[in-house]
Participant: 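Mind looking over this structure? Questions follow.
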Amino acid sequence: MRDDAVTGHETAHILLGWYDRHARDLPWRVGPADRARGIRPDPYRVWLSEVMLQQTTVAAVRGYYERFTALWPTVGDLAAADDARVMGEWAGLGYYARARNLLKCARVVAGDLGGRFPDTAEALRDLPGIGPYTAAAIAAIAFDRPETVVDGNVERVMARLFAVETPLPAAKSALRAHAAGLTPKVRPGDYAQAVMDLGATICTPKSPACGICPLRPRCAARATGIAAALPRRSPKTPKPVRRGVVYVARRMDGALLLERRPDSGLLGGMLGWPGSDWGDNPADAPPLEADWRDLPGEVRHTFTHFHLRLAVRAAEVPETSTARRGAFLSAAEFRPSDLPTVMRKVFDLWRDQPSPWGRAET
DNA sequence: AATACGTGGCC
DNA sequence: TGGCCAAGTAT
């Protein structure tokens with residue numbers, strides 16, 4: 001026990017030393033030098049970045065984080081924002097329940113908590129969209145709480161450091177226990193980011209750079225040459241193919257027919273083209289009577305758990321048209337960047353079609 | 001516990 | 001080209 005504690009302390013110290021020399025400069029990060037001067041990160045920005053980073057790469061998040069913080073510098077600003085505006089700014093980042101919960105959480109913090117985030121992991125955990133990882137990360141980084149932060153990086157680093165050969169997800173509890181044994185009481189925020197940085201830059205999934213790893217001398221998987229094979233994972237279930245039909249109706253004044261998707265489920269709360277259900281043999285479901293024509297080609301898109309192939313039908317309709325579903329948005333009201341990626345692909349396919357009405361010019 | 005939930009980069 | 005994977009959460 002005592003030996004483990006001493007070894008864990010030394011491992012944490014090595015990681016902190018490495019982090020002091022190699023910490024990446026990220027927009028949401030207060031680096032080790034500034035932290036040593038007593039500069040504390042803004043909990044709102046820590047929270048925003050951590051939610052954006054859930055299952056999402058740093059490269060993808062960077063631009064979104066810059067735009068969100070420019071538009072909404074405080075949690076009060078975000079809480080007061082229009083839902084559609086926030087969903088539109090999140091478009092393309094994926095996992096849209098995050099954006100819906102982001103607004104819910106901002107409104108609880110701004111409305112019920114005086115604009116201040118809770119300063120413990122336990123209390124943070126009760127907020128919408130904040131789970132075990134995010135609660136621990138905010139508590140450690142923003143509030144100096146010695147919480148154990150466990151994300152995919154930490155699981156990978158622990159699996160290798162301790163040569164855990166049990167496949168994920170069964171290994172989760174053992175990996176968490178190893179991570180907890182290493183977590184220091186000092187500089188918990190820097191430590192959490194150090195392990196994640198190590199996982200993101202050196203202890204990478206495919207070909208870990210063991211040659212320059214500060215933990216190389218203590219890594220059990222490296223010693224036996226199996227680092228790259230860890231962590232093992234249970235076999236994944238294959239993705240089925242689903243099909244669907246979407247309809248792009250353009251009014252003569254240029255307005256396009258779009259609908260707000262239901263608040264739950266796939267792409268919940270996002271703007272999209274009306275269409276059929278997605279399944280084996282989708283039924284024709286035009287949102288209004290029109291002379292629909294099939295566009296050549298199709299839109300292919302892969303979600304987490306299925307492949308989608310969408311047929312696209314288009315029509316030009318009179319200005320007096322009314323639709324059974326959705327609403328016509330004028331060119332001034334419609335920003336293609338408000339669409340989730342699969343719907344953006346539909347727009348791109350439609351826009352690139354030559355048309356007898358000269359649509360390509362507008 | 002298992003499944004639903006996005007997207008883009010990498011090899 | 002297609003599968004893998006990423007700073008997970010909700011149910």
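Below, each value reflects all heavy atoms present in this structure, side chains not excepted, and no hydrogens, waters or symmetry copies. We name chains A, B, ... by the order of the sequence lines, and we start the count at 1 in each one.
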Participant: So Ile138(A), base contact, sugar-phosphate only, or nothing? Heavy-atom distance under 4.0 Å.
Facilitator: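 No contact.
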
Participant: Can you figure out which of dC5(C), dG6(B), dT7(B) approaches the side chain of His301(A) most closely?
Facilitator: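 Selected nucleotide: dT7(B).
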
Participant: Thr134(A) near the nucleic acid: base, sugar-phosphate alone, or nothing, with a heavy-atom cut-off under 4.0 Å?
Facilitator: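 Sugar-phosphate only.
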
Participant: How many whole angstroms separate atom CG of Leu198(A) from atom P of dA6(C)?
Facilitator: 14 Å

Participant: Of all the nucleotides listed (dT9(C), dG6(B), dA4(B)), which has the minimum atom distance to the side chain of Tyr133(A)?
Facilitator: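 The listed nucleotide nearest to Tyr133(A)'s side chain is dT9(C).
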
Participant: Just N and O in the side chain of Lys236(A): are any of them under 4.0 Å from OP1 or OP2 of dC5(C)?
Facilitator: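 Answer yes for this pair, as a side-chain N or O of Lys236(A) is under 4.0 Å from OP1 or OP2.
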
Participant: In terms of side-chain heavy atoms of Asp151(A), which of dG6(B), dG8(C), dA4(B) is nearest?
Facilitator: dG8(C)

Participant: Which is true for Gly268(A) with a 4.0 Å heavy-atom rule: it touches a base, it touches only sugar-phosphate, or it touches nothing?
Facilitator: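 It contacts nothing in the nucleic acid.
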
Participant: Assuming nearest nucleotide by heavy-atom distance, tell me which of Pro169(A) and Thr57(A) is located more 5' along DNA chain B.
Facilitator: Pro169(A)

Participant: Take atom CZ of Arg232(A) and atom C1' of dC5(C), then tell me their distance rounded to the nearest Å.
Facilitator: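 Result: 18 Å.
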
Participant: Once you round it to whole Å, what is the distance between P of dT11(C) and CG of Asn101(A)?
Facilitator: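 Computing the Asn101(A):CG to dT11(C):P distance gives 8 Å.
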
Participant: Would you say Ser321(A)'s side chain and Val317(A)'s backbone share a donor-acceptor pair under 3.5 angstrom?
Facilitator: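 Side chain of Ser321(A) to backbone of Val317(A), a donor-acceptor pair under 3.5 Å: no, none is there.
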
Participant: The side chain of Pro340(A) is closest to which nucleotide in this list: dG6(B), dT9(C), dT7(B)?
Facilitator: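 The answer is dT7(B).
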
Participant: What I want to check is whether an N or O donor and acceptor connect the side chain of Thr341(A) with the base of dG6(B) at under 3.5 Å.
Facilitator: no

Participant: Return the 5'-most residue of the pair Ala97(A), Ser207(A) with respect to DNA chain B, ranking by each residue's nearest nucleotide.
Facilitator: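 Comparing both residues, the 5'-ward one is Ala97(A).
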
Participant: Should the pair Arg98(A) and Tyr95(A) be classed as cation-pi, given the thresholds of under 6.0 Å to the six-membered ring centre and 45° from the axis?
Facilitator: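 Here Arg98(A) fails the 6.0 Å and 45° test against Tyr95(A).
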
Participant: At 4.0 Å (heavy atoms only), tell me whether Gly199(A) reaches a base, stays on the sugar-phosphate, or touches nothing.
Facilitator: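 Touches nothing.
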
Participant: Could you check whether the rings of Tyr44(A) and Trp47(A) sit parallel, tilted or perpendicular, using 30° and 60° as the cut-offs?
Facilitator: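 Tilted.
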
Participant: Measure from NZ or CZ of Arg187(A) to the centre of the six-membered ring of Trp18(A), then state whether that distance is under 6.0 Å and the direction lies within 45° of the axis.
Facilitator: no

Participant: Taking atom P of dT9(C) as reference, at what distance in whole Å does atom CZ of Arg125(A) sit?
Facilitator: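 Checked: the CZ to P distance equals 7 Å.
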
Participant: Ring centroids only, cut at 6.0 angstrom: are Phe303(A) and His305(A) within range, meaning strictly under it?
Facilitator: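 No, too far apart.
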
Participant: If the cut-off is 4.0 Å, is Arg233(A) near the phosphate of dA6(C), judged by side-chain N/O to OP1 or OP2?
Facilitator: yes

Participant: Starting at CZ of Arg98(A) and ending at P of dA4(B), how long is that distance when rounded to a whole Å?
Facilitator: 19 Å

Participant: Is Arg156(A) close enough to dA6(C) that one of its side-chain N or O atoms is under 4.0 Å from OP1 or OP2 there?
Facilitator: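 So the side-chain polar atoms of Arg156(A) do come within 4.0 Å of the phosphate oxygens OP1 or OP2 of dA6(C), strictly under.
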
Participant: What's the CZ-P distance between Arg62(A) and dG9(B), to the nearest Å?
Facilitator: 14 Å

Participant: Touch check for Arg24(A), heavy atoms < 4.0 angstrom, all strands: base, sugar-phosphate only, or nothing?
Facilitator: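 If one applies the 4.0 Å heavy-atom cut-off, Arg24(A) turns out to touch a base.
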
Participant: Select base, sugar-phosphate, or nothing to describe what Leu267(A) touches, counting heavy atoms under 4.0 Å on all strands.
Facilitator: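 The answer is sugar-phosphate, as Leu267(A) gets under 4.0 Å only of primed atoms, P, OP1 or OP2.
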
Participant: Under the 3.5 angstrom rule, does the side chain of Arg100(A) hit a backbone N or O of Gly268(A) as a donor-acceptor pair?
Facilitator: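 A pair under 3.5 Å: yes.
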
Participant: Please state whether the phosphate of dG8(C), meaning OP1 or OP2, lies under 4.0 angstrom from any side-chain nitrogen or oxygen of Gln55(A).
Facilitator: yes

Participant: Rounded to whole Å, how long is the line connecting atom CG of Leu53(A) with atom P of dG9(B)?
Facilitator: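 Spelled out: CG on Leu53(A) to P on dG9(B) is 16 Å.
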
Participant: Starting at the 5' end of DNA chain C, which residue's closest nucleotide do you reach first, Ile130(A) or Lys239(A)?
Facilitator: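 So the residue in question is Lys239(A).
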
Participant: Checking contacts here: which listed nucleotide (dT9(C), dT7(B), dA6(C)) is nearest the side-chain heavy atoms of Pro132(A)?
Facilitator: dT9(C)

Participant: Do any N or O atoms from the side chain of Tyr247(A) and from the backbone of Ala285(A) form a donor-acceptor pair under 3.5 angstrom?
Facilitator: yes

Participant: Suppose you measure atom P in dG8(B) against the same atom in dT9(C); what distance do you get, rounded to whole Å?
Facilitator: 22 Å

Participant: OP1 or OP2 of dC5(B) versus the side-chain N and O atoms of His305(A): is any pair under 4.0 Å?
Facilitator: yes

Participant: Can a donor-acceptor pair under 3.5 Å be found between the side-chain atoms of Tyr95(A) and the base atoms of dG6(B)?
Facilitator: yes

Participant: Leu168(A) CG to dA1(B) P: how many Å, rounded?
Facilitator: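 Spelled out: CG on Leu168(A) to P on dA1(B) is 14 Å.
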
